[in-house]
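For reference, the structure discussed in these notes is given below.
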Amino acid sequence: MQRRQFIRITGGGVVLAATASLAACDASLPPEALQAWSPPADGGDVRRWLVAHAILAPHSHNLQSWRVDFSVPDEITLFIDRERLLPETDPLSRQMLMSQGTFLELLDLAARQKGLRADITLFPEGAFGPTALDGRPTARVRLLADAGVQPDPLFAQIFRRRTNREAYEERAPEAAALKAIADSVAPHPIRVEFVGPDAGERLQQHRAIAMQAWRVELTTPRTLLESYKVLRIGPSEISQHRDGISVNDPLLRLITAVGLFDRTQASAPDSSAVTGQIDDFNAKLATTPAFLAMVTEGNDRFTQVNAGRAYARAQLAATAHGLAMQPLSQALQEYPEQAEPYAAIHRLLQAPPPAFTVQMWARLGYAPPIGPAPRRGVDAHILPARS
């Protein structure tokens with residue numbers, strides 16, 4: 001114990017001494033991890049062009065659990081990659097099914113841009129059960145040339161969309177922007193609710209629930225470790241994986257390099273690593289000017305996928321109006337420690353389960369622009385051709 005303490009103190013001294021020299025280091029993400037954000041070239045199999053857009057969809061923890069089969073001409077069969085799930089924070093895979101929906105929505109937008117009708121059949125071999133996934137496909141997409149198909153203006157926002165985790169300005173979103181977001185989800189049976197500065201105490205209740213849920217996730221060892229497992233720290237890890245939660249902060253890179261950040265062990269709830277994150281995000285929540293909620297009747301697998309499609313549209317509409325958005329997934333997660341925040345947000349939104357489910361809850365506001373998150377590229381998602 002004394003030796004470990006000595007190493008930590010010495011390491012801390014090294015970190016402090018090195019801080020000044022690190023100030024000029026580049027914290028941006030390596031360009032090779034962001035290649036997928038360059039518009040794809042035309043030509044070749046149009047399905048690759050469509051998938052190149054679909055893989056830019058938002059996904060829980062940026063795991064990108066999409067696999068596609070091109071074995072049937074003019075068809076794309078979508079599978080969920082069961083090696084890329086979140087069993088601790090998303091034990092029923094509800095969020096994963098929503099992420100399948102975000103992919104399908106961007107695929108549909110891209111198909112329309114090419115004058116193609118994407119006939120999407122969800123769960124063509126039957127839907128998954130309510131608690132577990134299997135190897136059956138999530139969707140089968142048949143592509144048909146159709147002169148009557150009209151491009152969707154939201155397509156133009158695909159390469160501009162970001163999940164923005166920074167501090168938001170305190171000014172309220174403009175009414176026209178909120179209307180555009182609500183109108184964007186009209187194709188899906190989903191209730192959209194906004195709360196802003198004019199809501200007074202209700203806005204404070206949203207903030208309080210979000211703070212409580214964030215604390216629960218960070219102080220529950222197994223859920224914190226789940227995030228640690230997908231942390232990609234430094235250019236080498238980010239370039240290698242091109243997924244997960246990318247951090248290229250020079251100081252954290254050095255702390256990791258000298259062994260002061262062990263990602264195989266959950267940080268103690270009272271550690272500076274945890275309390276610092278809690279304080280930082282609480283400060284952002286305290287000035288968040290608005291929240292968006294999306295509520296469905298029921299919660300079957302079809303509903304979850306379509307809720308993901310609706311969220312993708314909502315975020316693209318927000319992007320078009322200069323608004324930033326960040327999902328607040330913690331209070332919606334179905335593991336025991338989150339039971340209290342889960343019940344609280346459902347009560348606040350008058351969405352009593354099981355009749356209703358809050359599928360999405362997000363911060364909403366204006367924020368400085370940020371760069372995109374890494375993507376693995378089209379080839380990483382295409383299943384090998386069948387022999």
Side-chain angles (χ1 to χ4, degrees), residues 8 11-12 14-16 18-37 55-56 58-65 84 86 88-90 99 161-168 214-215 217-269 271-285 324-330 363 367-377 380:
R8 288 182 178 276
V14 171
V15 171
L16 290 173
T19 300
S21 63
L22 286 170
C25 290
D26 186 5
S28 60
L29 301 186
E32 58 271 21
L34 305 177
Q35 290 173 353
W37 290 92
I55 63 172
L56 303 182
H59 193 295
S60 299
H61 277 47
N62 191 27
L63 286 187
Q64 306 167 45
S65 58
R84 291 174 171 270
L86 296 168
E88 300 298 342
T89 54
D90 186 31
S99 296
R161 184 206 65 78
R162 307 285 187 265
T163 295
N164 196 318
R165 298 175 176 83
E166 301 303 317
Y168 294 176
W214 177 244
R215 179 180 296 274
E217 182 158 314
L218 286 184
T219 57
T220 302
R222 71 179 193 284
T223 58
L224 180 60
L225 274 177
E226 190 167 72
S227 292
Y228 279 4
K229 289 176 182 177
V230 296
L231 272 181
R232 314 304 186 200
I233 299 175
S236 178
E237 289 187 13
I238 294 169
S239 296
Q240 176 188 352
H241 296 282
R242 306 187 187 194
D243 65 1
I245 304 167
S246 297
V247 181
N248 205 23
D249 176 75
L251 185 56
L252 184 56
R253 285 160 50 187
L254 182 57
I255 291 172
T256 303
V258 298
L260 297 182
F261 181 25
D262 183 357
R263 282 172 277 177
T264 67
Q265 299 291 327
S267 301
S271 68
S272 59
V274 170
T275 58
Q277 287 190 73
I278 291 173
D279 292 344
D280 177 70
F281 196 51
N282 282 355
K284 293 175 181 177
L285 287 168
M325 194 179 293
Q326 178 192 1
L328 299 171
S329 303
Q330 292 78 22
R363 301 167 64 215
I370 60 168
R375 286 296 187 272
R376 295 189 294 138

Checklist entry - What's the verdict on side-chain contact (heavy atoms from CB on, under 4.5 Å) for F281 and L218, showing C-alpha distance, side-chain angles and the deciding distance? => result CA-CA 11 Å; F281 196 51; L218 286 184; over 6 Å; no
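- Between the side chain of D243 and the main chain of R376, no donor-acceptor pair closer than 3.5 Å is present.
- Remark: the backbone N or O of G244 is not paired with any side-chain donor or acceptor of R232 at under 3.5 angstrom.
- Using modelled atom types, one side-chain atom of E226 and one backbone atom of T89 make a donor-acceptor pair closer than 3.5 Å.
- Of all heavy-atom pairs between Q64 and P374, the closest is NE2-O, 3.3 Å.
- Atom CG of residue N164 and atom CD of residue Q326 lie 8.0 Å apart, to the nearest 0.5 angstrom.
- The main-chain N or O of A373 is found under 3.5 Å from a side-chain atom of W37 such that the two form a donor-acceptor pair.
- A distance of 12.5 Å separates NE2 in H241 from CG in N62, rounded to the nearest 0.5 Å.
- Remark: D90 CG to S329 OG distance equals 8.5 Å, nearest 0.5 Å.
- Here the side chain of T223 pairs a donor or acceptor atom with the backbone of E217 at under 3.5 angstrom.
- Nearest heavy-atom pair, R263 versus T256, reported as atom, atom and distance to 0.1 Å: NH2-CG2, 3.6 Å.
- For the pair E32 and S239, the tightest heavy-atom approach, listed with the atom from each and the gap, is OE2-OG, 2.7 Å.
- In plain terms, the two heavy atoms of L225 and A266 that are nearest each other are CD2-N, 3.6 Å.
- Scanning both residues, A167 and R363, for their nearest heavy atoms gives CA-NH2, 4.0 Å.
- Atom-to-atom distance recorded for T163:OG1 and I370:CD1 is 7.0 Å, nearest 0.5 angstrom.
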Item to check | Test log, rule side chain to side chain donor-acceptor pair (under 3.5 Å), inputs D279 and Q277 | outcome: CA-CA 5 Å; D279 292 344; Q277 287 190 73; over 6 Å; no
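- Atom-to-atom distance recorded for K284:NZ and R165:CZ is 9.5 Å, nearest 0.5 angstrom.
- In this structure, S267 contributes its side chain and V274 its backbone to no donor-acceptor pair below 3.5 Å.
- Nearest heavy-atom pair, W214 versus I278, reported as atom, atom and distance to 0.1 Å: NE1-CA, 3.7 Å.
- The neighbour count for R215 CZ, taken as heavy atoms of other residues, nucleotides or ligands under 6.0 Å away, does not exceed 12.
- Between I255 atom CD1 and D249 atom CG the span is 8.0 Å, to the nearest 0.5 Å.
- Put simply, the side chain of R375 gets close to the backbone of I55: a donor and an acceptor are under 3.5 Å apart.
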